[in-house]
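Below you'll find the structure, written out as C-alpha cells, and then a few comments.
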2 protein chains.
Amino acid sequence: MHIKEWGNGVTEYILLGFLMQGNMTGYDMKQHMSMSTSYFVDASFGSIYPSLKRLVQKGFVELKETIENGKLKKIYSINEQGKEEFEKWLSAPILVSKTDISSALAKIFFFRYLPFDKAILLIERYIRDIEQYKKSLSELKPKIEKKADEFSLGTLHFGLDYYDFSIRWYKSYLKNLKQKIQ
Amino acid sequence: MHIKEWGNGVTEYILLGFLMQGNMTGYDMKQHMSMSTSYFVDASFGSIYPSLKRLVQKGFVELKETIENGKLKKIYSINEQGKEEFEKWLSAPILVSKTDISSALAKIFFFRYLPFDKAILLIERYIRDIEQYKKSLSELKPKIEKKADEFSLGTLHFGLDYYDFSIRWYKSYLKNLKQKIQ
DNA sequence: TGAAGCATGTAACGTGTTACATGATTGG
DNA sequence: CCAATCATGTAACACGTTACATGCTTCA
C-alpha cells in the first residue's frame with residue numbers, strides 16, 4: 001500500500017470545491033466550470049460523471065435523485081468527510097509543475113475556504129519552490145547550452161523566463177493580498 | 001474513423017526527434033531527456049519503452065539488437081516514414097494549450113529540423129493564436145468577475161498575465177531569430 | 001416541428017505514473 | 001564486495017478524451 005500525495009485528480013477536487021458552495025447536478029458543475037475555471041480546468045462530461053461516481057464511492061459526496069419537470073436529476077452534496085478531504089488538499093503544499101499551470105491555479109482558486117494566513121503561507125512556500133526549480137534549471141543551463149541550437153536554446157530561456165515571471169507575479173499578488181487585510 | 005490531429009503523444013515525437021540526431025537505445029533517450037528536455041518533458045522508462053514499441057509497430061522506427069559488454073542493447077533508428085511523421089508533426093500548427101506549456105516547447109525544441117522560414121511562420125501563427133485565447137478570456141472576464149473573490153480573481157489575472165507574458169516573449173524571440181539571419 | 005438546451009451516462013482508446021522484477025558491468 | 005550505473009521491461013492503476021447513446025422540455 002502506498003500513499004499517493006494527491007493523486008492528481010484535480011477534477012475531483014474542483015467538483016468538491018463547487019459543492020462547497022451548494023448542492024448541484026453534474027450538468028451544473030460543467031456550467032460552473034465553463035464560467036469560472038475553464039481557462040485552466042475544463043473537464044468533459046465523460047470525465048465529470050465518472051468523477052462524481054468515484055466521489056460517492058469514496059464517501060465524500062452524497063447523492064439525492066429527484067425528478068424535476070419530468071427530467072431525472074441527481075443532486076450531489078458534499079458531506080463532512082468530503083469537506084475534510086477538500087481542506088486537506090487545499091492545505092497541502094502547492095506543487096510546482098514544470099509544465100502544467102492548472103494544478104496550482106486550481107488550488108488557489110479555492111483558497112477562500114482556507115484561513116487567510118494559511119493561504120498566505122502556502123503561496124509563500126510556492127514561491128520559494130519555484131525559485132528552487134529556477135535555480136536547478138539555471139545550474140543545468142551550461143550543460144544544455146553546450147549542445148543547443150537557436151531553437152532549443154529558446155525553449156530553455158522560455159523555461160527560465162517563465163519561472164521568473166511566475167515568481168514576480170506571485171510576489172506581487174502576495175503583496176496585494178497582504179495590503180487588503182491591513 | 002476519425003482523424004486525430006496529433007494524438008498528444010508528445011513523448012513519441014520527442015523520441016523521434018532524438019533519433020533524428022542518430023541511433024540510440026531507450027536508456028540513451030532517457031539520458032538525453034534529463035539533459036535537454038527535462039524542464040518540460042521528462043518521461044519515465046515505463047513510458048519510454050512502450051512508446052518505442054509503438055513506434056516500431058507503427059513502422060516509424062527500426063530496431064537492431066546487439067550485445068555489448070555482455071549487455072543486451074536495443075539500438076533504435078528512425079526510418080523514412082518516421083522522418084515524414086516527425087516532419088508532419090513539426091509542420092503542424094503549434095497548439096495553444098491553456099495549461100500545458102510542454103507541447104509548444106516540445107515542438108519548438110526541434111525546429112532546427114524545419115526550414116527557417118517555416119519555423120518563423122509557425123511561431124507567428126502561434127502568437128496570433130495566443131492573442132485569440134487572451135481575447136476570449138478577456139471577454140469572459142466580466143462574467144467571471146461577478147462571482148469572484150480575492151483568490152479566484154487572482155487566478156484569472158494570472159491567466160491573462162500569462163498570455164501577455166507569452167505573447168511578449170515569443171515576439172521578442174521572433175525578433176531575435178529574424179535578426180540572426182540578416 | 002425541429003433545434004437547442006437540459007440531463008444522464010458508457011465504451012473504446014490512449015497514455016501516463018509507480019512499483020516491481022531482472023541482471024550485467026564498473027569503479028571505489 | 002557492494003553500490004552505482006547500464007539496460008530492459010511488465011503490471012496495476014489512474015485518468016482523460018471522443019464518440020456514441022438516450023430522452024425530455026422549451027422556444028422560435
Side-chain angles (χ1 to χ4, degrees), chain A residues 1-15 23-35 38 40-58 63-76 95 97-100 102-103 106, chain B residues 1-15 23-35 38 40-58 63-76 95 97-100 102-103 106:
Chain A
M1 215 59 5
H2 296 279
I3 299 135
K4 260 227 156 176
E5 256 283 337
W6 57 312
N8 202 1
V10 201
T11 303
E12 283 180 33
Y13 289 105
I14 301 266
L15 297 179
N23 308 344
M24 58 183 97
T25 67
Y27 193 89
D28 290 335
M29 293 182 222
K30 173 75 180 160
Q31 306 294 94
H32 266 71
M33 276 196 181
S34 51
M35 289 210 313
S38 57
F40 61 92
V41 167
D42 197 10
S44 61
F45 283 119
S47 169
I48 289 172
Y49 288 119
S51 292
L52 285 170
K53 204 177 240 178
R54 262 177 267 138
L55 285 169
V56 172
Q57 276 166 357
K58 288 173 186 169
L63 164 65
K64 244 168 227 154
E65 289 184 56
T66 60
I67 291 171
E68 220 166 273
N69 298 322
K71 273 171 285 183
L72 171 75
K73 264 196 182 186
K74 296 194 168 181
I75 316 274
Y76 293 92
L95 296 182
S97 165
K98 295 165 245 188
T99 58
D100 174 35
S102 62
S103 49
Chain B
M1 216 57 9
H2 296 280
I3 297 135
K4 259 227 158 176
E5 255 287 336
W6 59 311
N8 202 1
V10 202
T11 303
E12 284 181 32
Y13 288 106
I14 301 267
L15 298 179
N23 308 343
M24 58 182 97
T25 68
Y27 194 88
D28 290 334
M29 293 183 224
K30 173 77 180 159
Q31 305 296 96
H32 265 71
M33 276 195 181
S34 52
M35 289 209 313
S38 57
F40 60 92
V41 167
D42 198 9
S44 61
F45 283 120
S47 167
I48 289 172
Y49 288 119
S51 291
L52 285 169
K53 205 176 237 178
R54 262 176 268 139
L55 285 170
V56 172
Q57 276 167 356
K58 288 174 187 170
L63 164 64
K64 246 169 223 153
E65 289 184 56
T66 60
I67 291 170
E68 220 167 274
N69 300 323
K71 271 172 286 183
L72 171 75
K73 264 196 182 186
K74 297 195 168 179
I75 317 274
Y76 294 91
L95 296 183
S97 164
K98 295 165 244 190
T99 57
D100 174 35
S102 63
S103 50

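Chain letters run A, B, ... following the sequence lines, proteins first and then strands; every chain starts at 1.
For the OP1/OP2 pair of C/dG14 and a distance below 4.0 Å, the side-chain nitrogens and oxygens of B/R54 include no atom meeting the criterion. Taking side-chain N and O atoms only, B/T11 has a distance below 4.0 Å to OP1 or OP2 of C/dG16.
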In residues 40-54 of chain A, what donor-acceptor pairs under 3.5 Å come from side-chain atoms, sequence neighbours left out?
{"residue": "A/S51", "atom": "OG", "partner": "A/S47", "partner atom": "O", "Å": "2.6"}
{"residue": "A/R54", "atom": "NH1", "partner": "A/E12", "partner atom": "OE2", "Å": "2.5"}

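Rounded to 10 degrees, the angle separating the terminal axes of the helix from C/dT1-D/dA28 to C/dG28-D/dC1 is 20°, with each axis obtained from five end pairs.
Distance, A/E12 CD to D/dC15 P: 6 Å, rounded to whole Å. Here the C1' atom of nucleotide C/dT17 and the CG atom of B/D42 are 12 Å apart, to the nearest Å. Taking atom CG on A/L72 and atom P on C/dG5, their separation rounds to 22 Å, with Å as the unit. When rounded to the nearest whole Å, the span between CE of A/M24 and P of C/dT8 equals 12 Å. Between A/K64 atom NZ and C/dT8 atom P there is a gap of 16 Å when expressed in whole angstrom units. Rounded to an integer number of Å, the gap from A/L55 CG to D/dC15 C1' is 13 Å. A/N23 places its CG atom 15 Å from the P atom of C/dA7, with the value rounded to the nearest Å. The nearest whole Å value for the distance from the CD1 atom in B/I67 to the C1' atom in C/dT25 is 14 Å.
Between the NZ atom of B/K30 and the OG atom of B/S38 there is a distance of 9.0 Å, given to the nearest 0.5 Å. Here the straight-line distance linking atom CD1 of A/I75 with atom OG1 of A/T25 works out to 6.0 Å at 0.5 Å rounding. Note that OG1 of A/T11 and CE of A/M29 are 12.5 Å apart. Values are rounded to the nearest 0.5 Å.
For the side chain to side chain donor-acceptor pair (under 3.5 Å) test, residues two or more places apart in sequence or in another chain that qualify with B/S102 are B/D100. Every residue two or more places apart in sequence or in another chain was checked for a ring-ring contact (aromatic ring centres under 6.0 Å, His included) with A/Y76, and none qualifies.
The residue among A/S51 and B/I75 whose nearest nucleotide of DNA chain D is located toward the 5' end is B/I75.
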| Full working for side chain to side chain contact (heavy atoms under 4.5 Å, CB included) between B/M24 and B/Q31 | CA-CA 11 Å; B/M24 58 182 97; B/Q31 305 296 96; over 6 Å; no
Tabulate atom names and distances for all N/O pairs under 3.5 angstrom spanning the protein and nucleotides 10-12 of chain C.
{"residue": "C/dT10", "atom": "OP1", "partner": "A/K53", "partner atom": "NZ", "Å": "2.8"}
{"residue": "C/dT10", "atom": "OP2", "partner": "A/K53", "partner atom": "NZ", "Å": "3.3"}

Between the protein and nucleotides 4-6 of chain D, which nitrogen or oxygen pairs come in under 3.5 angstrom?
{"residue": "D/dC6", "atom": "OP2", "partner": "B/Y27", "partner atom": "OH", "Å": "2.8"}

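Within 4.0 Å of B/T25, counting heavy atoms only, lie sugar-phosphate atoms of the nucleic acid but no base atom.
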